[in-house]
Peer 1: 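Structure provided below as structure tokens; questions to follow.
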Amino acid sequence: MAGGSGTRSPAPVLWFTGLSGSGKSTIATRVHQELVRRGVEVEYIDGDALREVFPATGFTRAERDEHLRRTGYMASRLAAHGVTVVASFVSPYRESRDFIRSLCENFGEIYVATPLEECERRDVKGLYARVRRGEIRNFTGIDDPYEPPDRPELTLDTRVLSVDQCVAQVLAFVEDQL
Ligand code: ADP
């Protein structure tokens with residue numbers, strides 16, 4: 001346990017990773033809402049939202065890594081002060097995710113393992129159609145890599161689990177760490 005008497009113990013960082021359209025933000029948002037309802041001090045951070053604030057963030061490997069290092073560092077500092085963090089980022093590179101893990105005392109890597117075919121079939125944001133029309137390059141899963149986690153704390157396959165079931169699994173995982 002970090003810190004001594006008078007300081008708060010580190011809170012969990014729940015890091016959702018997976019392809020675009022896999023279900024990360026749908027599940028993460030619901031988990032966040034439920035934690036708020038329970039009175040947990042919690043912050044939700046989302047890759048798309050952060051990119052709107054920092055529009056110059058690109059999609060090369062180096063730019064993605066930098067984006068995640070900054071975000072991961074901030075997440076780890078919030079958690080160190082007792083704020084639970086729910087984070088939803090494609091975060092395609094194992095090395096970047098492992099770096100964030102190394103910063104966080106209590107890191108839960110949640111792999112939303114929806115296969116590409118299903119993400120593309122859903123195409124919630126119409127992005128896959130744009131990729132197929134050649135309007136977007138370096139898209140994770142199509143012409144940019146996604147490296148699945150080796151040992152995620154939790155794997156969710158949204159083809160067989162409902163949103164409610166996914167949310168319940170995450171809450172069960174985090175319950176005794178709050
Ligand atoms: P991401 O944040 O990974 O890009 P989204 O959460 O925006 O993905 O989109 C996932 C889509 O898949 C949503 O339209 C959601 O309603 C749908 N979906 C279907 N089943 C599930 C499930 N079990 N868990 C999460 N999302 C699901």
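Along the sequence shown, residues carry numbers from 1. Just so you know, ligand 1 is whichever comes first in the structure, and atom 1 is the first atom listed for that ligand.
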Peer 1: Does CD in Glu135 sit with more than 12 non-hydrogen atoms of other residues, nucleotides or ligands closer than 6.0 Å?
Peer 2: yes
Peer 1: Just wondering, do Thr140 and Arg64 contact through their side chains at under 4.5 Å, heavy atoms?
Peer 2: yes
Peer 1: Taking non-hydrogen atoms within less than 4.0 Å of ligand 1, which protein residues qualify?
Peer 2: Leu19, Ser20, Gly21, Ser22, Gly23, Lys24, Ser25, Thr26, Ile27, Arg122, Val124, Lys125, Thr158, Leu161, Ser162, Val163, Cys166
Peer 1: Any salt bridge between Glu117 and Arg122, counting N to O under 4.0 Å?
Peer 2: no
Peer 1: Measure centre to centre between the rings of Phe16 and Tyr111, then say whether the value is under 6.0 Å.
Peer 2: no
Peer 1: My understanding is that only one of Pro149, Pro92, Ser96, Pro148 makes a side-chain contact (heavy atoms from CB on, under 4.5 Å) with Thr17; could you say which?
Peer 2: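 The passing option is Pro149.
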Peer 1: Return a table of donor-acceptor pairs under 3.5 angstrom between the side chains of residues 48-55 and protein atoms on other chains or two or more places apart.
Peer 2:
from	atom 1	to	atom 2	distance (Å)
Arg51	NH1	Thr57	O	3.0
Arg51	NH1	Gly58	O	3.1
Arg51	NH2	Gly58	O	3.3

